[in-house]
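Just so you know, these numbers use all the heavy atoms, side chains as well, and skip hydrogens, waters and symmetry mates.
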Amino acid sequence: MKHKIYRILSVMLTGLLSCTLLTGCFKDHSTDPDRPVTEITTTEELREIYTSEEGRILEIPAPKLTLNGPSKEVKYSWEVDYKEVSTSEVLKYRCPKPGVYALRLLITNGETTIAQRAKINVQYRYRQGLYFLGQEDKQATIGFVEPSQPDKEVDYDVLTLNNPAGTFVGTPHDLAFVTNVAYQVKGFILACGTTLYNFEPDQMIMTKTLPLKSEITSIEGTWADSKGRFFYNGRFGDFNIKTLEANNSDLNTFGTPLGTSRDKLSLAPVTVSWLTDKNDPKKVDGYLVYDNGTERMVARFSQLGSRKTMSWFPDETKGYSLTHMVLTGDRLRVALFLKSKRDETIKHLLINPGTHNVSKAKRVPEEVLLSKEVPAAAHLNASSVMTSAPTRNLVFYSGADGSGIYAYNTMSQGNFLTPPLISLSKDEVVADMVVDKDDHFLYIAMNSRSGSTSSIRQIDLTKDSYPVVHEWKGLRLPITAIALREDYPINN
């Protein structure tokens, strides 16, 4: 009796296997075996995998069919993860969260059925590239372009894809990416009005808000730290993207070297962090701030396990307020540009902040390398937009007269070149500039004088002629600030 059961099971399994092998193309003769059957066939196959991005509409046309027999209505069924999402001949599917999804297409005319399978790989939409901040309908708007795919359509949905409408109100001020290379921690922060917003950067989902009592003037991101620095009302705070907490405890240490109290600080909205080792961005030796009220710079650094705060070179800074401060010399030097409170002339200081967080035998003291007035022909003033390429010892700034972008080599002992490096039209106003961490490309954001549109120009710094690599023209909103994302989304 057991043998009979096994034979029956064997026959049943063979039959099931035969049915399974026929699912690719199945003909139904059950209703009338003598009636002619319309057979549908195709020589085309779906691709093995389709790749798209979160929130994008993925279009996949069904394979072309050949009908053998009387005309019959053909029906389509597209399934994603075994749920029907479309009955059209062409699938138009808005891709969900990043991941790999099973795709199945069923085509039938009631007599013949064709089944085909594939996969959809949904990637993170926001990745390496340039992000620009503006305002539309009294709300912050962030656009995104990919220099690696310069002809790709500009994405204006960075804030609206995964966040409720009407969330980011107030005047947009700045944006920045924060990355900790060592711990693979990354974040994105945005300043609108008096509120600081933190985002998970791969999907641009807001994770934290930090309301303040004062307008946030600017933000500084970092490549090798977990903190984004934000400036407000002559002070600054550090937002930790790992703990989602903010503090400004360093402000308590500035009073003594500056000869003032914390509530009377008038710090310029910029700091720079210099390195101990130019080849290791994680080895930060310290950072500089400048107080415009007391006309002094302050250095905050580590030394043999203790933190120190000192005022440097007060004789050089007396009577001046800070207009710009950037890194140069492989991120081991600092270039300062100071405006005289008496006659508004610009003074250039180039300093070596020294090396302090090392053994005593290797310690290098701080020193002034250059102190010189900037000639009027250099077209540099407090309204100029400035950035730097530290490994190339180059400082780039917009001319005060709007004529173009100028370049200054900090190794030239104060020799400012008077012709602009890049000429601009009379309708172009520089809004912001940024250089990538490898000092390969300079990005210039410009608004039209009417304030209705903008453009972004990419310049190759590795070639002597500094050619334009690409220009994104006719952007639909004026730009407030730009920021580069230079890390990859996690696990994608």
* **Under 3.5 Å: donor-acceptor pair, side chain of Trp78, backbone of Ser88** => yes
* Search all heavy atoms of Ile219 against all heavy atoms of Ala176 and return the closest pair with its distance. => CG2-CB, 3.8 Å
* To do: Give the intermediate values and the outcome of salt bridge (Lys or Arg N to Asp or Glu O under 4.0 Å) for residues Arg457 and Glu428.
  => CA-CA 11 Å; Arg457 197 174 297 177; Glu428 295 173 322; 3.0 Å; yes
* Asked: After noting the C-alpha distance and the side-chain angles of Tyr126 and Phe199, does the key distance pass the ring pair (Phe, Tyr, Trp, His ring centres under 6.0 Å) rule?
  -> CA-CA 12 Å; Tyr126 302 113; Phe199 295 77; over 10 Å; no
* Does the Thr42 side chain pair with the main chain of Pro63, one donor and one acceptor, at a distance under 3.5 Å? -> no
* Under 3.5 Å, is there a donor-acceptor pair between the side chain of Gln458 and the main chain of Val469? -> no
* Verify the neighbour count for atom NZ of Lys97: are there more than 12 heavy atoms of other residues, nucleotides or ligands below 6.0 Å? => yes
* Asked: Given side chains that start at C-beta, do those of Ile40 and Asn68 come closer than 4.5 Å, heavy atoms only?
  -> no
* Asked: Between Thr271 and Glu220, is any side-chain donor less than 3.5 angstrom from a side-chain acceptor?
  -> yes
* To do: Give a yes or no answer on whether the side chain of Tyr50 reaches the backbone of Arg47 with a donor-acceptor pair at less than 3.5 Å.
  => yes
* To do: Indicate the ring-plane relationship of Tyr408 and Phe337, choosing parallel, tilted or perpendicular according to the 30° and 60° boundaries.
  => perpendicular
* **Within 6.0 Å of CE in Met411, more than 12 heavy atoms from elsewhere** => no
* Within-4.5 Å side-chain heavy-atom neighbours: Ile482 and Leu133 -> no
* Asked: Are Thr112 and Glu39 linked by a side-chain donor-acceptor pair shorter than 3.5 Å?
  -> no
* Asked: Side chains of Glu486 and Gln128: do they bring a donor and an acceptor to under 3.5 Å?
  -> no
* **Lys119 side chain reached by Asn121 side chain, heavy atoms, under 4.5 Å** => no
* Decide if atom CD of Glu48 counts as having more than 12 heavy atoms of other residues, nucleotides or ligands within a radius under 6.0 Å. => no
* **Side chain to side chain, Val326 and Val334, heavy atoms closer than 4.5 Å** => no
* For the residue pair Phe231 and Glu215, establish whether any side-chain heavy-atom pair is separated by less than 4.5 Å. => no
* Measure the acute angle between the ring planes of Tyr443 and Phe441, then classify it against the limits of 30° and 60° as parallel, tilted or perpendicular. => tilted
* **Shortest non-hydrogen contact from Thr480 toward Pro172** => CG2-O, 3.5 Å
* Thr207 and Asn198: side chain donor to acceptor below 3.5 Å -> yes
* Side-chain contact test, heavy atoms from C-beta onward, threshold under 4.5 Å: evaluate it for Thr160 versus Gln139 and give yes or no. => no
* Using 4.0 Å as the upper bound for N to carboxylate O, is an ion pair formed by Asp202 and Arg125? -> no
* Asked: Do the charged groups of Glu53 and Lys152 touch, with an N to O distance under 4.0 Å?
  -> yes
* **Sub-4.5 Å side-chain heavy-atom contact between Phe239 and Asn247** => no
* Asked: Passes side-chain hydrogen bond (donor to acceptor under 3.5 Å, both in side chains), Asp427 versus Ser425? Steps please.
  -> CA-CA 5 Å; Asp427 187 51; Ser425 72; 5.5 Å; no
* Step by step, would you call His379 with Tyr406 a ring pair (Phe, Tyr, Trp, His ring centres under 6.0 Å)? -> CA-CA 8 Å; His379 301 286; Tyr406 292 78; 5.4 Å; yes
* Establish, yes or no, whether the cationic atom of Arg127 lies under 6.0 Å from the six-membered ring centre of Phe144 and within 45° of the ring axis. => no
* To do: May I have the step-by-step check of salt bridge (Lys or Arg N to Asp or Glu O under 4.0 Å) for Asp487 and Lys186, ending in yes or no?
  => CA-CA 8 Å; Asp487 65 86; Lys186 59 187 70 176; 3.0 Å; yes
* To do: Examine the side chains of Thr453 and Arg476 and answer whether a donor and an acceptor come within less than 3.5 Å of each other.
  => no
* Look at the rings of Phe177 and Phe188 and say which category their plane angle falls in: under 30° parallel, 30 to 60° tilted, over 60° perpendicular. => tilted
* Does the Ser273 side chain pair with the main chain of Tyr287, one donor and one acceptor, at a distance under 3.5 Å? -> no
* Asked: For Thr38, does its backbone N or O pair with a side-chain atom of Glu111 as donor and acceptor, under 3.5 Å?
  -> yes
* Side chain of Asn240, backbone of Leu244: donor and acceptor closer than 3.5 Å? -> no
* Asked: So, does Asp81 use its side chain to make a donor-acceptor pair with the main chain of Tyr101 at under 3.5 Å?
  -> no
* Asked: Between Asp439 and Thr391, does any side-chain donor sit less than 3.5 Å from a side-chain acceptor?
  -> yes
* Asked: Does a side-chain N-to-carboxylate-O contact under 4.0 Å join Glu84 and Arg104?
  -> no
* To do: Find out whether Leu442 and Thr387 are in side-chain contact, i.e. whether some heavy atom of one side chain is under 4.5 Å from a heavy atom of the other.
  => yes
* Structure fact -> Tightest non-hydrogen contact, residues Ala407 and Leu421, listed as CB-CD2, 3.8 Å
* To do: Ignoring hydrogens and angles, tell me if any N or O in the side chain of Arg94 forms a donor-acceptor pair with the backbone of Gly55 under 3.5 Å.
  => yes
* For the pair Lys283 and Asp285, evaluate salt bridge (Lys or Arg N to Asp or Glu O under 4.0 Å) and give the outcome as yes or no after the intermediate values. => CA-CA 6 Å; Lys283 291 186 177 180; Asp285 197 65; over 6 Å; no
* Structure fact -> Shortest non-hydrogen pair, Asn393 vs Thr328, comes out as CA-OG1, 3.4 Å
* Mind checking whether Phe168 and Tyr197 have parallel, tilted or perpendicular rings, split at 30° and 60°? -> perpendicular
* Asked: How close do Thr323 and Ala382 get, heavy atom to heavy atom, and via which atoms?
  -> CG2-CB, 3.7 Å
* To do: Decide whether Thr462 and Asp460 meet the rule of one side-chain donor and one side-chain acceptor closer than 3.5 Å.
  => yes
* Asked: Between Asp155 and Arg56, does a salt bridge (Lys or Arg N to Asp or Glu O under 4.0 Å) hold up when you go through it step by step?
  -> CA-CA 11 Å; Asp155 189 339; Arg56 299 284 191 196; 3.4 Å; yes
* Asked: Can you tell me if CG on Asp137 sees more than 12 non-hydrogen neighbours from other groups inside 6.0 Å?
  -> no
* Asked: Does the pair Ile216 and Asp174 meet the rule for a side-chain contact (heavy atoms from CB on, under 4.5 Å), with working shown?
  -> CA-CA 8 Å; Ile216 301 171; Asp174 208 353; over 6 Å; no
